[in-house]
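Notes follow the structure.
These values consider heavy atoms only, across backbone and side chains, with no hydrogens, waters or symmetry-generated copies. Here is how names work: the chains are called A, B, and so on, in the same order as the sequence lines, proteins then strands, and each is numbered from 1.
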Amino acid sequence: MDRFEKIFFGISVVMLALFLCALFYASAAMHVHVQSSQEVISVKPGGNLAMAVLTTAPFNNPGVKQIGPHDYEVDIIAQAWTFYPSEIKLPAGANVEFKATSVDVTHGFLIPGTLINMMLIPGQVSITHYRFEHAGTYLLLCHEYCGRGHHTMFAKVEVQ
Amino acid sequence: MSTAIVYQPEQRLELPDGQRRLIALTIYLGFAALAVGVINGLAQALSYAHINIFQYYPGMNSYYQGLTVHGVFNAIIFTFAFANGFVTLTMARGLNRKVHSGLLIAAFGSLALGSLLAAFAMFSGRASVLYTFYAPLQAHWTFYLGLVLIVVSTWITSLNLFVTLRSWRREHRGERIPLLAFISVVTYVFWDISSLGIAVETVVFVLPWSLGLVATTDPLMDRTLFWFTGHPIVYFWLLPVYISWYAMIPKQVGGKLFSDSAVRAVFLMFLCIIPIGMHHQYMDPGISSKLKFATAILTFTVFLPSLLTAFSVMYALEIGGRKRGGTGLVGWFFALPWSDPSVAAQVLAMLVFLLGGITGLMNASYSMNIEIHNTTFVPGHFHLTVGTAVALSVMGIAYWLVPYLEHRKLWSRGLAQAQAWIYAAGVLIFARGMISGGLAGMPRRTAIALAPYSEPSWHLAGIITAVGGSLMVIGALLFFLDIGLTVVIGEREEPAEIPFTETIHAPATVGWEVSFDHLRYWIAIAFVLIVVMYGPFVATHIPLASVGVPFKRF
Ligand code: HEM
Ligand SMILES: [Cu+2]
Ligand SMILES: [Cu+2]
């Protein structure tokens, strides 16, 4: 290789290494949480996914649950083309754990303006954490194509 | 600059007429697919501005039917057809010999039949599953079989390249593989390995399931297999264009390619680093954070070959620009032969690609990805890359390739030039709209014009998207007009020559660089890395879940 090329190669490597460091720093310092839940919904032989979801905790009782002074858990079921529950009320400043799963196809789980962004894959439980600092009405929408009515699939999160 | 040992490629290639026609047919099939895809794109871009036109399209029953057509025709049929035709030609040119006619026919047949089957499934409304066909959305079996045949056509093309290379090697023992042939064959070896994910997904899981032979499928496994191929597929789109940027554009601008070894190294890097598809699954459950982390690191390493490409290609352009009298830091750039539409389109495509690279780095960083995953940021990004760096470059290549294949002059150079500028301007506006919308959480793959919800910050973004998208469509239609007229009524001319560059540094015949040509070592590295990256997932995910029951409400 030529001298020019070696220099450019060196610069490129250093640049990418710096980007990587920035990335690691950002994810650690800003507490960006990318889900990696390993919880699954298992279907018994002869059963089906929808039944399995509805009989597995916490999805046998979906909704908002207070689990500590400032801690909430929200369990949500996604089904073409709705979220259950479709209205969620939470206090501002609380630590919220979202658990969601699908009973049919792959759905999305996005709340614009927050760091909540997950895929819901049949048979898998998706989990993320967030704290809403500001009161307001947030949109929870499905951002993965899930059939003809996909664009009608959304819910509202009221933060007071 | 170091003194030149100029390596000049051998004399011109005379391809038999039959082979020339087949290559032309393959490429035209790709252009026809692109035309259908792009026309559907208009409905999508306008939908983001709340203008609903898809219902006026014949046979389109839903936004998503059109979007499936757009994705499959543009990103799979167009790109694969072009690669099959073009890379077969560059291989023949690189070795100065004809290819195998039977395999050429078989590849075309498989591609055409596969495209027909998939088109039937999509246009009859039986396959509105988008080009990612995530199970348990279940398309008609003809859709999956069609895709399989399309992939098989790329494998037959590979076989053709291998056979041709082998017979060349018999006559040239101990010689280095000529550069053009080397990068052509590496492109296809790379793709053969990359395509294994989608091949297993369709043949082993989804196709039998769509035929009712098995009752359920495992959505996460299918999705992971899809993305195993779905990431490297972007390089299969890109590498044929890199062949043009590296080995042809320098000639077209009067420059020279700097070094043979650097180009080979770049293509081999792509070959070695295949298994990073999990960066499309950062937001998925069921995949450990360690794997996501490792994927992020490896993803950054594949920016390296693209950065090196930027350097080499830029340098070749600079040599050309200076020879043409350009001076100063940027003067050479304006001195490039901009009036040659083939050059103008491809240099514009490169400029757009720089922006595509930056937005790609943002996608790849998983802390950023959480803000933009599955928002319109993503299509904003990849219309800069595949939608322009690839598509506009292919249009640029067509401006010499079609005259070469037809022995006819390009119908209008002026129209071709205008086309390139309109398309490039269009995509910059389009991407600006989609990216800003995406940063505000505007979802992709969503018929926004019909959605009951909206956010105020999406309105302007949607309008910009529609304006830019319309310009792109106009640019693309002008391309089809010019090429169509060239084929039908272009003025006849003497057979032209394929532009093919000289390198300043010839391939080394001694030393470690010779090992570039021993592909089996590089292939071994690729497989080791695949096992390291995907082994843990497969090991922990088995036994497969039986949760995916057919879903056809689309
Ligand atoms: C020329 C005019 C074009 C326009 C106006 C256009 C417009 C669009 C729009 C608005 C979307 C997003 C739709 C959505 O997410 O709901 C989209 C998606 C897409 N486009 Fe294009 N596009 C064009 C050309 C191309 C080209 C040339 C390619 C590739 C060669 C391409 C490949 C894709 C792919 C792969 C998708 C994703 C489909 C999916 O999400 O399933 N587009 N296009
Ligand atoms: Cu959806
Ligand atoms: Cu990727």
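- For the side-chain hydrogen bond (donor to acceptor under 3.5 Å, both in side chains) criterion with B/T446, the lone passing option out of A/H143, A/H150, A/E144, A/H151 is A/H150.
- When heavy atoms are compared at a cutoff of 4.5 Å, B/I297 approaches chain A by way of both its backbone and its side chain.
- Judged purely by atom type and a 3.5 angstrom limit, A/N117 uses its side chain to pair as donor or acceptor with the backbone of B/H373.
- Between chain B and the residues A/V40, A/L49, A/L120, the largest count of heavy-atom pairs under 4.5 Å involves A/L49.
- In terms of non-hydrogen atom pairs under 4.5 Å with chain A, the most contact-rich of B/L220, B/L439, B/T216 is B/L220.
- Of the listed residues (A/M15, A/Q35, A/E39), the greatest number of heavy-atom pairs within a distance under 4.5 Å of chain B belongs to A/Q35.
- With A/W81 as the aromatic partner, A/R148 does not meet the cation-pi criteria of under 6.0 angstrom to the ring centre and within 45 degrees of the ring axis.
- If you check the side chains of A/N60 and A/T55, you find no donor sitting under 3.5 Å from an acceptor.
- Using a 4.5 Å cut-off between heavy atoms, B/D218 does not touch chain A at all.
- Within the 4.5 angstrom heavy-atom criterion, only side-chain atoms of B/Y134, from C-beta onward, approach chain A.
- Note on A/G108, A/A50, A/P112: by heavy-atom pairs under 4.5 Å with chain B, the leading option is A/P112.
- The residue among B/A135, B/A508, B/A451 with the most heavy atom pairs within less than 4.5 Å of chain A is B/A451.
- The most heavy-atom pairs under 4.5 Å with chain B, out of A/C146, A/G123, A/S12, come from A/S12.
- The two residues A/I41 and A/F59 make their nearest non-hydrogen contact at CD1-CD1, 4.1 Å.
- For the set B/R445, B/Q281, B/M283, the count of heavy-atom pairs under 4.5 angstrom toward chain A peaks at B/M283.
- Proximity of a side-chain donor or acceptor of B/E455 to a complementary backbone N or O of B/A440 within less than 3.5 Å is not detected.
- Residues B/T375 and B/G441 approach most closely at CG2-CA, 4.2 Å, considering heavy atoms.
- Between A/P69 and A/Q66, the shortest heavy-atom contact is O-NE2, 3.3 Å.
- For the set B/P443, B/A310, B/P452, the entry with the most heavy-atom pairs within less than 4.5 Å of chain A is B/P452.
- Ring centroid separation for the pair A/Y145 and B/Y64 comes in under the 6.0 Å cut-off.
- Looking at A/L16, both its backbone and its side chain come within 4.5 Å of chain B, counting heavy atoms on both sides.
- With a 4.5 angstrom heavy-atom cutoff, A/A52 does not touch chain B via any of its atoms.
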